[in-house]
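All remarks here apply to the structure that follows.
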Amino acid sequence: MSRYNARTVEPKWQKAWDDAQTFLATRDESREKYYVLEMFPYPSGRIHIGHVRNYTMGDVIARYKSSCGFSVLHPMGWDAFGMPAENAAMAIGGHPKEWTYSNIAAMRDQMKPLGLSIDWTREFATCDPEYYGQQQALFLDFMQKGLVYRKNATVNWDPVDMTVLANEQVIDGKGWRSDALVERRELTQWFFKISDWSEELLAALDGLDNWPDKVKLMQANWIGKSRGLQFGFERTDGGDAIEVYTTRPDTLMGASFVGISPDHPLAKELEAANPEAAAFIAECRKGGTTAEALETGEKLGFDTGIKVKHPLNPDWELPVWVANFILMDYGTGAIFACPAHDQRDLDFCRKYDLPVIDTFFDLDDAKPVETEAFVPLKTEKVKWVNHFAGLDVATGEEAVNATIDFVETAGWGKGVTQYRLRDWGLSRQRYWGCPIPVVHCDDCGVVPEKKENLPIELPDDVTFDIPGNPLDRHPTWRDTPCPSCGKAAKRETDTMDTFVDSSWYFARFTSPHASTPTNMADAEYWMNVDQYIGGIEHAILHLLYSRFFARAMVNTGHLPQGAEEPFDALFTQGMVTHEIYETADNNGRPVYHLPEDVRELVLGNKRIVMLKEGEQVLMHGDKDVGIIERLRKENLLVKVTPSAKMSKSKKNVVDPVDIIDQYGADTARWFVLSDSPPERDVEWTASGAEAAWKFLGRVWRLAAELGDGDDTDLDLERATAQAIREVTLGIETFGFNKSVAKLYEFANAVSKSKAGAGAKRKAVKVLAQLMSPMTPHLSEEIWSHLGGEGLIANAPWPVADEALLVQDTITMPIQINGKRRGEIDVSAEASKEEVEKLALAHDAVIKALEGREPKKLIVVPGRIINVVI
RNA sequence: GCCCGAGUGGUGGAAUGGUAGACACGACAGAUUCAAAAUCUGUUGCCGAGAGGCGUGUCGGUUCGAGUCCGACCUCGGGUACCA
């Protein structure tokens with residue numbers, strides 16, 4: 001009896017699947033299709049345990065659906081453009097292209113041994129000219145439909161490196177390399193008109209029945225539909241009125257000042273004319289562009305000296321301030337502040353000594369606002385003070401509507417629906433991305449490139465020794481004749497946001513080598529993605545952009561009608577987290593280390609984590625308290641920060657290759673599916689892999705030691721039927737951990753059963769089948785050992801015998817006052833009255849009643865009995 | 001700051017508003033062994049000798065009955081438009 005040897009068994013079955021082209025996706029009109037897709041990975045160079053978890057889940061679905069008779073599409077590719085490749089080129093030399101393709105090769109080599117049921121003939125990388133050339137064709141078609149335009153937008157500008165920084169590269173408002181204070185600077189950028197679809201993208205969320213509610217809620221909040229009032233404040237100096245947008249027009253009587261964004265046209269006028277204003281606005285431009293930086297930073301204001309008239313009382317003048325927390329992108333870039341009912345406005349007014357005026361109170365507590373703004377829910381009734389539209393007691397919602405009606409009738413403002421969603425800025429001043437296929441001509445202006453000239457390929461002869469975009473300083477790449485007039489002209493040097501690459505790859509997989517972005521017949525057959533699987537971190541941007549792209553592609557004839565929502569069902573799996581190990585460089589900035597590069601020792605009750613090299617600093621068997629000091633001096637002492645999402649930049653990643661080498665792919669697969677519910681984050685620890693391995697060994701022995709026979713066993717048949725039902729249910733509801741638990745139970749039941757070999761044989765064959773989506777190699781081996789026909793991968797999914805699932809007696813717990821005090825066995829057909837009678841005859845009930853009548857007797861059929869005394 | 005989640009034994013976790021802790025890890029005890037590994041069997045939420053009591057982040061509420069529903073809070077995680 002040989003031991004199960006994954007090292008020889010796994011490659012054997014992988015070769016068998018390859019030879020039989022088991023996972024080749026074919027457009028078979030006679031069969032129903034099933035498209036399962038996991039979010040494709042960024043080729044960082046190594047797969048991590050999170051990838052294994054993600055792709056194993058998709059593989060379980062793909063293999064299960066295939067067993068159920070579907071024609072399955074399960075592709076894989078690489079989200080290959082992006083900053084890390086350029087960073088690597090800067091840090092270690094070399095070229096982003098070589099770095100990326102060698103990473104892809106390495107990761108493919110690490111993934112293949114997992115035995116995933118992927119159709120590798122469809123593989124592509126977004127940095128393949130064949131792919132990004134088609135993306136450029138899409139861009140041109142979008143452009144022709146008016147879905148692309150240019151406007152100014154702010155970027156993070158590093159004044160020392162003279163380059164644009166990504167938000168991630170701005171640390172505490174400073175450039176990551178130069179350490180210089182970052183400035184907000186305006187650049188002309190390319191945009192997709194996603195805002196044309198704001199209402200549509202919001203409304204269509206309702207139809208996404210198989211998406212998690214939390215994702216739909218996040219997207220709805222992100223789109224941020226609001227109804228408010230827009231009107232102008234007349235200036236006392238006769239200048240242009242200041243248009244404001246407010247979602248709380250009902251608080252107009254509590255207005256304290258009018259605030260404008262530092263990027264507001266009026267602010268720019270003042271900047272040119274008034275040195276004090278210019279100094280303040282320069283101050284506002286310091287720091288990064290993120291909403292988080294703006295919201296959490298200190299709120300600063302500047303009194304322009306300009307006054308406006310209150311629209312309801314021409315004698316009431318309000319000052320105009322420039323305030324750094326007002327966004328030019330939202331509404332009109334100007335607001336009025338009502339400090340009594342907005343905490344941020346209140347803090348600002350207290351700081352600059354501006355008035356605070358209450359406009360409404362709690363129904364039974366008319367307490368003036370001091371340091372805490374009164375901000376009840378908009379659905380809560382409040383008591384108004386002198387409301388101009390004649391309100392007394394009303395909710396905020398009613399008040400807003402009444403106010404808009406009042407103002408519209410009076411004619412000095414109008415109700416406006418706004419969306420928070422902004423157009424998608426896709427320009428990046430970087431090399432390693434898809435070139436934007438347009439040409440700048442002195443005579444013709446901005447001209448789209450001709451489709452026959454696509455792909456516009458990136459030049460290979462570039463260097464990364466100095467900061468900035470290598471395309472800008474390339475000697476010849478920019479030079480090209482104008483596609484319109486033929487005169488010498490210059491190429492656009494901006495490349496596309498990598499979110500563009502990932503916004504249509506799912507469509508490209510349906511026909512990955514077509515000479516147009518998609519092939520309609522293939523797209524018609526394979527779209528939509530039936531099950532999309534990926535991280536919750538993509539809940540907003542990637543998924544929203546993809547929804548927009550699908551609409552734009554339907555609009556431009558690249559996808560069929562009905563593909564507007566490209567993902568029928570979405571599952572967001574949790575992240576695999578790990579502690580972060582950190583030391584500091586000479587400038588005190590953090591340096592991160594891989595888990596495999598640190599060592600841990602326990603000194604008394606203290607856990608010390610150090611770099612691997614630290615072992616040399618220590619003496620053999622060192623228990624000295626001076627260790628910490630010595631390690632600190634050598635900068636080998638590691639600071640441990642709590643678990644976070646595994647990310648290459650923080651280096652808190654675990655290499656699954658070790659587990660695969662040691663135990664095999666099936667163990668790794670079984671391990672990542674066990675225990676943790678797929679949607680929840682899981683803290684990675686090394687223990688557990690061994691347990692998975694032991695279990696698989698047990699299942700193998702169970703099969704290998706079986707004799708022959710034609711006996712049957714009713715208990716085993718019952719257990720089999722139950723296992724089929726539960727495991728199937730687990731797979732269909734993404735409860736893989738529950739399927740795994742059920743399989744443990746089933747395997748234990750078989751191994752403990754006293755039934756004959758024939759009965760056990762039947763049970764083990766089903767066990768192998770039920771395990772096959774999770775541990776495909778072991779299952780094939782058992783299947784072939786037990787004389788199963790063909791590949792288990794091609795065997796139809798087992799069906800439970802319903803008759804065996806019916807129970808004739810039920811155990812019902814008896815509660816007394818909600819606490820469990822006993823149980824009774826009743827027939828499944830027992831009437832409520834019979835159950836009541838049996839319950840009242842139970843010892844514990846008689847004892848508790850002491851001869852009295854129960855106050856209440858609750859019988860939930862088949863469930864529980866509660867006696868209330 | 002704002003939006004969205006999560007919190008249950010020593011650990012990962014299970015539980016259509018209906019027996020809290022399924023299943024597994026670990027630990028402990030035993031069998032086997034010259035011994036160990038492997039394997040197998042059993043015990044294992046906490047307090048208590050026991051009867052019993054207490055237990056799902058904290059506080060409050062709804063209910064015959066709350067891990068589950070509602071309100072407030074605490075902690076951790078994700079997103080926050082140039083990380084992917």
Side-chain angles (χ1 to χ4, degrees), chain A residues 3 39 41-42 44 79 81-84 153 155-156 164-170 189 212-215 217-222 224 288-297 299 325 329 343-344 420-430 497-499 501-502 535-542 544-545 572 574-575 577 642-645 647-649 674-677 679-683 685 687-688 690-692 694-695 697-698 701 735 737-738 740-745 748 751 811-815 817-823 854-858 860 862-868:
Chain A
R3 246 169 103 107
M39 291 179 184
Y42 179 81
S44 55
D79 189 12
F81 275 136
M83 291 201 313
V155 294
N156 302 304
V164 177
L165 298 179
N167 287 334
E168 188 190 48
Q169 297 170 320
V170 179
Q189 308 260 288
D213 288 338
K214 62 181 170 186
V215 174
L217 189 56
M218 280 190 260
Q219 293 218 353
N221 288 340
W222 184 261
T289 55
T290 63
E292 189 192 358
L294 293 173
E295 289 281 341
T296 56
K299 310 292 180 287
F325 57 86
D329 295 311
Q343 192 60 43
R344 188 175 58 185
R420 207 185 72 101
L421 179 66
R422 307 201 295 257
D423 277 334
W424 173 7
L426 67 117
S427 288
R428 297 292 179 270
Q429 292 71 43
R430 277 179 242 294
D497 179 6
T498 55
F499 273 123
D501 312 336
S502 54
I536 185 69
E537 68 271 27
H538 295 294
I540 298 173
L541 293 179
H542 162 61
L544 192 61
Y545 289 156
T572 56
M575 281 166 297
T577 62
S643 271
K645 167 175 92 156
S647 90
K648 41 200 176 297
S649 62
S674 308
D675 293 348
S676 283
E679 70 278 9
R680 203 184 293 183
D681 288 352
V682 55
E683 160 88 28
T685 58
S687 70
E690 177 145 328
K694 282 183 188 173
F695 174 71
R698 247 173 71 208
R701 279 195 306 281
N737 57 323
K738 287 178 240 170
V740 165
K742 193 65 208 172
L743 285 163
Y744 268 108
E745 241 176 277
N748 288 341
S751 89
T811 303
M812 288 180 79
I814 299 179
Q815 293 184 332
N817 288 340
K819 295 219 183 262
R820 184 179 173 280
R821 285 291 182 262
E823 57 185 35
K855 267 195 203 148
K856 207 168 179 182
L857 188 57
I858 291 147
V860 184
R863 273 285 172 203
I864 205 164
I865 302 146
N866 191 8
V867 186
V868 184

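Chain letters run A, B, ... following the sequence lines, proteins first and then strands; every chain starts at 1. Values below: every heavy atom of this structure, side chains too, minus hydrogens, waters and symmetry copies.
The residue among A:D213 and A:K856 whose nearest nucleotide of RNA chain B lies closer to the 5′ end is A:D213. Across the interface with RNA chain B, nearest-nucleotide mapping of A:P677 and A:N221 shows A:N221 to be the residue nearer the 5′ end.
Within 4.0 Å (heavy atoms only), A:A539 reaches no atom of the nucleic acid at all. Backbone-only engagement by A:E745 is indicated by non-hydrogen atom pairs under 4.0 Å involving sugar-phosphate atoms exclusively. Residue A:L544 is classed as having no contact, given no heavy-atom separation below 4.0 Å to the nucleic acid. Base engagement by A:V860 is indicated by at least one non-hydrogen atom pair under 4.0 Å involving a base atom. Nucleic acid contact for A:Q429: base, since at least one base atom lies under 4.0 Å from a heavy atom of the residue. In this structure, A:G697 reaches neither bases nor backbone, as no heavy-atom distance under 4.0 Å exists between it and the strands shown. Contact annotation for A:F499: base contact, defined as any heavy-atom pair under 4.0 Å involving a base atom. Heavy atoms of A:H538 sit under 4.0 angstrom from at least one base atom. If you check every strand for non-hydrogen atoms under 4.0 Å, A:V164 touches a base. Using a 4.0 Å heavy-atom cutoff across all strands shown, A:Q189 reaches at least one base atom of the nucleic acid. Note on A:W222: a base of the nucleic acid sits closer than 4.0 angstrom, heavy atoms only. Residue contacts for A:N866: at a heavy-atom cut-off of 4.0 Å it reaches a base atom on one of the strands shown. Note on A:V740: nothing from the nucleic acid sits closer than 4.0 angstrom, heavy atoms only. A:R821 comes within 4.0 angstrom of sugar-phosphate atoms only, judged by non-hydrogen atoms across all strands, and of no base.
With sequence neighbours excluded, the residues forming a ring pair (Phe, Tyr, Trp, His ring centres under 6.0 Å) with A:F499 are A:Y545, listed by chain and number.
Nearest approach of A:A539 to A:Q219, heavy atoms of both residues: O-NE2, 2.9 Å.
For A:K856 (side chain) and A:P854 (main-chain N/O), no donor-acceptor pair under 3.5 Å exists by modelled atom type. Without hydrogens or angle criteria, A:D497 side chain to A:L426 main chain gives no donor-acceptor distance under 3.5 Å.
Each of A:M812, A:Q815, A:E823 was scored for a side chain to side chain contact (heavy atoms under 4.5 Å, CB included) with A:I864, with one residue passing: A:Q815. With A:L217 as reference, A:N221 is the one residue of A:D213, A:N221, A:V215 to meet the side chain to side chain contact (heavy atoms under 4.5 Å, CB included) rule. Checking each of A:V867, A:N866, A:V868 against A:N817 for a side chain to side chain contact (heavy atoms under 4.5 Å, CB included) leaves exactly one that passes, namely A:V868. With A:T289 as the fixed residue, the side chain to side chain contact (heavy atoms under 4.5 Å, CB included) test singles out one of A:N156, A:L294, A:L165: A:N156.
At the phosphate of B:rA38, neither OP1 nor OP2 sits under 4.0 Å from any side-chain N or O atom of A:R701. At the phosphate of B:rA24, OP1 or OP2 sits under 4.0 Å from a side-chain N or O atom of A:N748. Proximity of A:K738 to the phosphate of B:rA15: a side-chain N or O atom is located under 4.0 Å from OP1 or OP2. Dashed line: the shortest gap from a side-chain N or O of A:S676 to OP1 or OP2 of B:rG12 is not under 4.0 Å. Dashed line: the shortest gap from a side-chain N or O of A:N817 to OP1 or OP2 of B:rG65 is not under 4.0 Å. OP1 or OP2 of B:rG7 lies within a sub-4.0 Å distance of a side-chain N or O belonging to A:R680.
Among the nucleotides B:rG1, B:rA84, B:rC64, the one closest to any side-chain atom of A:V868 is B:rC64. Nearest to the side-chain atoms of A:N737 among the listed nucleotides B:rA14, B:rC64, B:rA81 stands B:rA14. The side chain of A:R420 sits closest to B:rA81 out of B:rU19, B:rC23, B:rA81. Looking at the side chain of A:I864, the nearest of the listed nucleotides B:rC23, B:rG18, B:rA84 is B:rG18. In the set B:rC64, B:rU19, B:rA22, the nucleotide with an atom closest to the side chain of A:I858 is B:rC64. For A:E537, whose side chain is taken as the heavy atoms from C-beta onward, the closest listed nucleotide among B:rC40, B:rC64, B:rG78 is B:rG78. Each of B:rG77, B:rA84, B:rC4 was ranked by its minimum atom distance to the side chain of A:P84; first place goes to B:rA84. For A:N167, counting side-chain heavy atoms from C-beta on, the closest listed nucleotide (B:rA81, B:rA14, B:rA84) is B:rA81. In the set B:rU19, B:rG77, B:rA38, B:rA38 carries the atom at the smallest distance from any side-chain atom of A:E690. Checking B:rC40, B:rG79, B:rC83 against every side-chain atom of A:A166, the shortest atom distance belongs to B:rC83.
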- prompt: Can you give the dot-bracket line for RNA chain B, where a pair is Watson-Crick or G-U wobble with both atom distances under 3.5 Å, crossing pairs use [ ], and | marks a partner on another strand?
  reply: (((((((..(((.....[....)))((((((.......))))))(((....)))..(((((..]....))))))))))))....
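Summarising the geometry, the separation between CE on A:M812 and P on B:rG65 is reported as 18 Å, rounded to the nearest angstrom. Atom-to-atom, CG of A:L426 to P of B:rA84 comes out at 14 Å; the value is rounded to the nearest Å. Taking atom NZ of A:K855 as the reference point, atom C1' of B:rC64 lies 11 Å away to the nearest angstrom. Nucleotide B:rU39 holds its C1' atom 10 Å from the NZ atom of A:K694, rounded to whole Å.
Base orientation at B:rG79 is anti, since its O4'-C1' glycosidic dihedral falls outside 90° of 0.
The base of B:rG12 is paired with the side chain of A:D675 by a donor and an acceptor separated by under 3.5 Å. A donor N or O paired with an acceptor N or O is not found under 3.5 Å between the base of B:rU19 and the side-chain atoms of A:R863.
You'll find the side chain of A:I865 stays beyond 4.5 Å of the side chain of A:I858, heavy atoms only.
Rounding to the nearest 0.5 angstrom, the gap separating the OH atom in A:Y42 from the OG1 atom in A:T498 is 8.5 Å. Taken from CE in A:M39 to NE2 in A:H542, the straight-line distance is 4.5 Å, to the nearest 0.5 Å.
For the C1' atoms, the distance from B:rG67 to B:rA15 is 8 Å, rounded to whole Å.
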